[in-house]
Amino acid sequence: MPLLVMKFGGTSVADLARIKNAAEKVRREVERGYDVIVIVSAMSGKTNELVGWVEQTSPLFDAREYDAVVASGENVTAGLMALTLQEMDVPARSWQGWQVPINTTSAHSAARFVSIPRDNIGAKFAEGMKVAVVAGFQGISAEGRITTLGRGGSDTTAVAFAAAFGAERCDIYTDVDGVYTTDPRITSKARKLDRIAYEEMLELASLGAKVLQTRSVELAMRFKVRLRVLSSFEDTDENSGTLVCDEDEIMESKVVSGVAYSRDEAKMTLLSVEDRPGIAAAIFGPLADAGVNVDMIVQNISEKTEGGKSIAVTDMTFSCPVNQVLRARKAMEDARAADIIRYADLIEDTEVAKVSVVGIGMRSHAGVAAAMFKALAAENVNIKVIATSEIKISVLIDRKYMELAVQALHHTFGLDQAA
Ligand code: ADP
Ligand code: ASP
Ligand code: MG
């Protein structure tokens, strides 16, 4: 039997009526002759609520218990989806991660797949079951503890199942009808893309476009999974949505294909750290150990005199998600107390956002950075940190200018929808 993976995100299973609507889409594919693996997220808002409960109970929580709590949202929707399908006379049953089992590493709250054996689900398909409903976002570690894959992780569950079971396609049903040139919530001028290259999608996702989890795109690229994003609220067919595919399947290509943003960033600066070999390791080692995801890094060279003697000191700036500031500060204070690092002061700016432009065309076009900085200058937006790679340029700016910056860049790089 040909097999499809269909993933429904939080808003697509937000209540019983929406679960029913999603189940109808599944039934249609079964009627077309497919066996289907359905991956479900928790009902919209549920995971946030669970995370909130954990943080209120224990600010520097034990990640294993965090996972035990936040994985539960998907269990509810998996069971409800299976029941809904059964009510429609579609033979279906649910699986939680550990039942498959979805084997992962023990990196709690950021676990990665180790293996997904096909035996259990395969045996049920062989017996005539048509739909396996699997709880997204979760797995089980070698130690037998429940793990989760990081926010948005059900996308990655879906792609992993598509790869493991050799699915014809992996369809990600969500509340937008595809991947856009930027988040359509930020500008109504955003344009839907029919196709986007894996590499560009990977950059957009990792720079904040949460329509797909970064790891899901990585896996799709590695295992050549045909990945599609489409609306769960509209009628859809084989041509709907956006296909994420190889670069050479795409005809038209602009220098910049998309603008991404990440709202909740923080910038931290260590003032007057010694400028000596090993200082970066002494700072970023403890941050990594504390689980802080450091993103951009800038080191300034400066001189300081102490007792008439000139000594080399520098300021080290880095950015990280704003909800990791507490952890980052503690890691730095502990390292200072243990005399691993010395610094004059630690300055935090928790009101910043990151805005990025992405495009494969940048490889062969000069001047994108200059055009970007000019567009931001014209809007009087001050740039605090810059980072570049082969196909992207990112800037850290004041959060209050984020929307303005996205809109200006979208316009500057010719992405606005024709009026
Ligand atoms: P789900 O709950 O289905 O997983 P998400 O909320 O995780 O859905 O992702 C869908 C959202 O991603 C959209 O509602 C949209 O606001 C946002 N988004 C951000 N960037 C983009 C983009 N470039 N194209 C489409 N959607 C985007
Ligand atoms: N429910 C999880 C989250 O909100 C996983 C997902 O929806 O993909 O992050
Ligand atoms: Mg999502």
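Every number for a ligand or one of its atoms is a count from 1 in the order of the listing.
Within ligand 1, counting atoms from 1 as listed, the ones closer than 4.0 Å to a heavy atom of K7 are 4 (O). Those atoms of ligand 1 with a heavy atom of G9 less than 4.0 angstrom away are 1 (P), 2 (O), 3 (O), 4 (O). Listed by atom number, the atoms of ligand 1 under 4.0 Å from R185 heavy atoms are 13 (C), 14 (O), 15 (C), 16 (O). Every atom of ligand 1 is numbered from 1 in the order shown, and the set under 4.0 Å from a heavy atom of V179 is 24 (N). Below 4.0 Å from some heavy atom of T174 lie the following atoms of ligand 1, by number and element: 1 (P), 3 (O), 8 (O), 10 (C). Atoms of ligand 2 found under 4.0 Å from any heavy atom of S41, numbered from 1 in the order shown, are 6 (C), 7 (O), 8 (O).
Shown here is Y401, whose OH atom has no more than 12 heavy atoms of other residues, nucleotides or ligands within 6.0 Å. The number of heavy atoms from other shown groups lying within 6.0 Å of CZ (R18) is above 12. Residue-environment remark: NZ (K192) exceeds the threshold of 12 foreign heavy atoms within 6.0 Å.
Considering both main-chain and side-chain atoms, D175 comes within under 3.5 Å of ligand 1 through a nitrogen or oxygen pair. Remark: ligand 1 and V176 share no N or O pair separated by less than 3.5 Å (distance only, no angle test). The shortest N or O to N or O distance between K7 and ligand 2 is not below 3.5 Å. The shortest N or O to N or O distance between G150 and ligand 2 is not below 3.5 Å. Residue T181 has no nitrogen or oxygen atom sitting less than 3.5 Å from a nitrogen or oxygen atom of ligand 1, judged on distance alone.
Between K192 and ligand 1 there is no heavy-atom distance shorter than 4.0 Å. Contact annotation: E74 has at least one heavy atom less than 4.0 Å from an atom of ligand 2. Residue contacts with ligand 1 leave out G208, since none of its heavy atoms falls under 4.0 Å from the ligand. By the 4.0 Å heavy-atom criterion, G153 is counted among the residues contacting ligand 2. Residue-ligand proximity: G10 is placed with every non-hydrogen atom at 4.0 Å or more from ligand 2.
The side chain of P184, and not its backbone, has at least one atom closer than 4.0 Å to an atom of ligand 1 (non-hydrogen atoms only; side chain from C-beta on).
Neither side chain, T214 nor S206, offers a donor N or O lying under 3.5 Å from an acceptor on the other. Residues T104 and T147 have side chains that bring a donor and an acceptor to within less than 3.5 angstrom of each other. Checking T156 against Q213 by side-chain atom types alone, a donor-acceptor pair falls below 3.5 Å. With no hydrogens or angles considered, a side-chain donor-acceptor pair links N48 and R151 at under 3.5 Å. A donor-acceptor contact closer than 3.5 angstrom is absent between the side chains of D246 and Y198. Judged purely by distance below 3.5 Å, without hydrogens or angles, the side chains of S115 and N103 pair a donor atom with an acceptor atom.
For the pair R327 and F61, the cation-pi criterion (under 6.0 Å, within 45° of the ring axis) is fulfilled. A cation-pi arrangement is present between R118 and F165 under the rule of less than 6.0 angstrom and at most 45 degrees off the ring axis.
If you check which protein heavy atom lies closest to atom 27 (C) of ligand 1, you get V211 CB, 3.7 Å. Ranking the protein heavy atoms by distance from atom 2 (O) of ligand 1 puts G10 N, 3.1 Å first.
Of the listed residues (A14, A209, G178), the one carrying the non-hydrogen atom nearest atom 25 (C) of ligand 1 is G178. Residue Y180 holds the heavy atom nearest to atom 24 (N) of ligand 1 of all those in Y180, F8, Y173. For the residues D183, V358, V229, the heavy atom positioned nearest atom 19 (C) of ligand 1 is part of D183. Taking each of M43, Q138, R151 in turn, the one with a heavy atom nearest to atom 9 (O) of ligand 2 proves to be R151. Taking all heavy atoms of Q213, M201, K210 into account, the minimum distance to atom 9 (O) of ligand 1 is reached by K210.
Screening M268, R399, K384 against D349 for a side-chain contact (heavy atoms from CB on, under 4.5 Å) leaves a single residue, K384.
Counting only distance, with no hydrogens or angles, the side chain of T236 and the backbone of S240 share no donor-acceptor pair below 3.5 Å.
Between F284 and F318, the ring centre distance stays below 6.0 Å.
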